[in-house]
Amino acid sequence: MNLATWVERHGRHLRDRPALAEGDRVHATWAELAARVAGAAAGLRDQLGLAPGDRVAIVMRNRPEYLEVLYAVWHAGLVAVPVNARLHRDEVAYILGDSGTRVVVTDDEHATDVDALVATVASVEASVHAPGPGWDRLTGTPPTGLVDRAPDDAAWLFYTSGTTGRPKGATLTHRNLLMASLSYFADIDPVSAHDSVLHAAPLSHGSGLYGLPHVARGAVSVFPASGALDGAELLALLERWPGLSFFAAPIMVRRLAADPALQGADLSGLKTIIYGGAPMYLADLEAALDTFGPRLAQIYGQGETPMTITGLSKADHADRDHPRWRERVQGVGFPRTDVEVRVVDEDDREVPAGEVGEVVVRGDVVMAGYWQQPEATAQTLRGGWLHTGDLGSVDDDGFLTLRDRSKDLIISGGMNIYPREVEEVLLRHPGVQAVAVVGREDPEWGEAVVAFVVPAGDPPSVEDLDTTCTDHIARFKRPKDYRFVDALPTNNYGKVLKRELRERLAQETGAR
Ligand code: AMP
């Protein structure tokens, strides 16, 4: 089934009900959205010459047009490549080239960078600005019928950085995304056309994925007018769009929970806050439960198995009298309905309850593979199981707790940062002989990026190192702290002992 079926269907059935909203204003009803999607799909085919299976990248901040583009791409049988709009131009260029993107849809904010890439990335033929006359021309094309898609056809290339430092496109099929949506209804919440979903986090990531079950059921997708949600805006939106749910990284939940405007406020319009993507400290979770009541659900997933490995339901959060409540809410919950989850040793043998091993997942939501990366795909999906790179253990009741990440990933402010990427950039600086990048616990950001630098001669200035980073990678990836050292700790094989560096930082934090 083609996921764009939902929009086409609601265009007839829910006709005048709101489909997209910006703040309190309706941007499009379902009939309008369905017409724009079918028109744009025809335009992508007839005016831009795209054929089913071709890739269309979306480089836009969250805005209602984002969903017009996404569903038009699917309606035409094309493959969407939603790109994190905060990436550096060179990083965007890499993703466009790797995915073989032919057309990029972008907004005014990103147009300068993206338009420059049309000339430099060989596969890219055109860019279209949405909103704008170019997008209006496409949506105004006489509509075309929905293009058939088989369950295993690619729908979304979800770019995720790997340990190799280069991002890889997890190929998510129509079946994968349908499964992820259905399991939302099974494990998180039922959804109706009277509900709403707020896009407070990037649509290229969690918020886009959680939007799917809401579109499936005809709920309205709401975009905060400010672009940066605070308590007062949330209250106004709850009044206008009751039955509201949204996805947020733990850092955002923490900020909102402490917002004075929300203390003692009427939150009856708030249905669910789905948080995940990074660990949440117990104290923060307790504060969030105090502010929001039993409206929190946690999910643990990754791009390779979109939003779906385990979950901790609203009921689990509310069950405070349970003897193991504290342990449970510090973990990531119970396997989702549509997947098998195991914890295995290095030989892929399941380990007993309580023992730490790698989390592996199998089911219809697991990606088809990495886009044109057969070796990485074979390695990650070996034996038919997705190897997540996360280390965890299950308890006797089957609840999973994550212990560490075997992939060295740093999650800062809800954004994933792979140390290798930052290290490679810093090594371009002539004043850097060696470098190791690790995460340090940070009360504000979850984790902060710290670089241990062995200088080649006189230590370079921090400003210089910062510039080297921002010249090549997104600003949010640059280290918050540089430590100049004579040497990096290594083992017998010369491998840098990052654990030791992390421990050093943890001791300092502890001492403070
Ligand atoms: P991404 O593919 O960008 O969504 O990143 C996925 C990674 O984020 C996972 O492999 C985990 O390491 C981490 N992660 C996701 N959800 C959670 C969670 N609820 N708690 C702790 N870590 C998480």
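Quantities reported herein were computed from a predicted structural model and do not represent experimental measurements. We use all heavy atoms of the structure for the numbers below, so side chains are in, but hydrogens, waters and symmetry mates are not.
Of the possible polar contacts, none joining the Gln372 side chain to the Gly100 backbone as a donor-acceptor pair under 3.5 Å is found. Under a 3.5 Å cut-off, the side chain of Asn176 and the backbone N or O of Thr173 do form a donor-acceptor pair. Panel note: side chain Arg55, backbone Val79; no donor-acceptor pair is recorded below 3.5 Å. At least one donor-acceptor pair under 3.5 Å links the side chain of Trp241 to the backbone N or O of Gly23. Between the Asp316 side chain and the Ser313 main chain, a donor and an acceptor come within less than 3.5 Å of each other. Under a 3.5 Å cut-off, the side chain of Asp153 and the backbone N or O of Ala150 do form a donor-acceptor pair. Without hydrogens or angle criteria, Thr305 side chain to Gln302 main chain gives no donor-acceptor distance under 3.5 Å. Using modelled atom types, one side-chain atom of Gln298 and one backbone atom of Gly331 make a donor-acceptor pair closer than 3.5 Å. Looking only at distances, a side-chain donor or acceptor of His317 sits under 3.5 Å from a matching main-chain atom of Leu296. For Ser192 (side chain) and His194 (main-chain N/O), a donor-acceptor pair under 3.5 Å exists by modelled atom type.
The side-chain heavy atoms of Leu87 and Tyr94, taken from C-beta on, include no pair separated by under 4.5 Å. The closest side-chain heavy-atom distance from Ser412 to Phe476 is not below 4.5 Å.
The side-chain contact (heavy atoms from CB on, under 4.5 Å) check on Glu32 picks up Ala28, Thr29, with sequence neighbours excluded. Shown here are the ring pair (Phe, Tyr, Trp, His ring centres under 6.0 Å) partners of His110, two or more places apart in sequence or in another chain: there are none. For Asp24, there are no side chain to side chain donor-acceptor pair (under 3.5 Å) partners, not counting sequence neighbours. Residues passing the side chain to side chain donor-acceptor pair (under 3.5 Å) test with Asp364: none are found, sequence neighbours excluded. Remark: Phe223 pairs with His199 by the ring pair (Phe, Tyr, Trp, His ring centres under 6.0 Å) rule, at least two apart or across chains. Every residue meeting the side-chain contact (heavy atoms from CB on, under 4.5 Å) condition with Val339, not counting sequence neighbours, appears here in chain and number order: Arg336, Val341, Val361, Val365. Taking Tyr71 as the reference, Trp74 meet the ring pair (Phe, Tyr, Trp, His ring centres under 6.0 Å) condition, with sequence neighbours excluded.
Note: Asn62 CG to Leu203 CG = 4.0 Å, rounded to the nearest 0.5 Å. Taken to the nearest 0.5 Å, the CD1 atom of Ile309 stands 6.5 Å off from the CG atom of Leu386. Here the CZ atom belonging to Arg175 is positioned 12.0 Å from the CG atom belonging to Leu177, to the nearest 0.5 angstrom. Interatomic distance, Met415 CE to Ile417 CD1, rounded to the nearest 0.5 Å: 8.0 Å. Here the CZ-CG distance, from Arg17 to Leu33, works out to 14.5 Å after rounding to the nearest 0.5 Å. Note that CG of Leu409 and CD1 of Ile411 are 4.5 Å apart. Values are rounded to the nearest 0.5 Å.
Salt bridge Glu423/Lys498: present, at least one basic N to carboxylate O contact under 4.0 Å. Between Arg324 and Asp397 there is a salt bridge, since a side-chain N of the basic residue sits under 4.0 Å from a carboxylate O of the acidic one.
Residue pairs satisfying the ring pair (Phe, Tyr, Trp, His ring centres under 6.0 Å) criterion with at least one member in residues 323-345, sequence neighbours excluded, are listed as follows: Phe334-Phe399. Applying the salt bridge (charged side-chain N to carboxylate O under 4.0 Å, His left out) test to every pair with at least one member in residues 188-206, sequence neighbours left out, gives these pairs: Asp189-Lys314, Asp195-Lys271. Sorted by first and then second residue, the side-chain hydrogen bond (donor to acceptor under 3.5 Å, both in side chains) pairs with a member in residues 217-227 read Ser226-Glu233; sequence neighbours excluded.
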Report the C-alpha separation of Glu91 and Lys477 in whole Å, then their side-chain angles, then the decisive distance to 0.1 Å, and conclude whether the salt bridge (Lys or Arg N to Asp or Glu O under 4.0 Å) test is met.
CA-CA 12 Å; Glu91 295 169 308; Lys477 296 179 183 173; 2.6 Å; yes
Check step by step if side-chain hydrogen bond (donor to acceptor under 3.5 Å, both in side chains) holds for Glu327 and His322.
CA-CA 10 Å; Glu327 287 88 336; His322 192 284; over 6 Å; no
Stepwise side-chain contact (heavy atoms from CB on, under 4.5 Å) test for Leu267 and Leu235
CA-CA 7 Å; Leu267 297 175; Leu235 285 180; 3.9 Å; yes
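With Trp445 as the aromatic partner, Lys480 meets the cation-pi criteria of under 6.0 angstrom to the ring centre and within 45 degrees of the ring axis.
Using a 3.5 Å distance cut-off with no hydrogens or angles, the side chains of Tyr300 and Asp390 do pair a donor with an acceptor. Counted by atom type alone, Thr337 and Asp187 present one or more donor-acceptor pairs between their side chains at under 3.5 Å. Between Glu304 and Tyr370, the side chains place a donor N or O and an acceptor N or O closer than 3.5 Å (distance only, hydrogens not considered). When only modelled atom types and interatomic distance are considered, Thr5 and Asn2 share no side-chain donor-acceptor pair under 3.5 Å. Tyr66 and Asp107 form no side-chain donor-acceptor contact under 3.5 Å, judged by distance and modelled atom types alone.
In this structure, Phe158 and His205 have tilted ring planes: the angle between them lies in the 30° to 60° band.
The only member of Arg342, Arg362, Arg382 that meets salt bridge (Lys or Arg N to Asp or Glu O under 4.0 Å) when paired with Asp348 is Arg382.
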Acceptor/donor pairs from residues 245-255 side chains to any protein atom, 3.5 angstrom cut, sequence neighbours excluded:
from, atom 1, to, atom 2, distance (Å)
Arg254, NE, Pro443, O, 3.4
Arg254, NH1, Pro443, O, 3.3
Arg254, NH2, Pro443, O, 2.6
Arg254, NH2, Glu444, O, 3.3
Arg255, NH2, Glu444, OE2, 3.4

Which atom pairs, one a donor and one an acceptor, fall under 3.5 Å between side chains of residues 6-13 and the rest of the protein, sequence neighbours left out?
from, atom 1, to, atom 2, distance (Å)
His10, NE2, Val215, O, 2.8
His10, NE2, Ala216, O, 3.2
His10, NE2, Gly218, N, 3.2

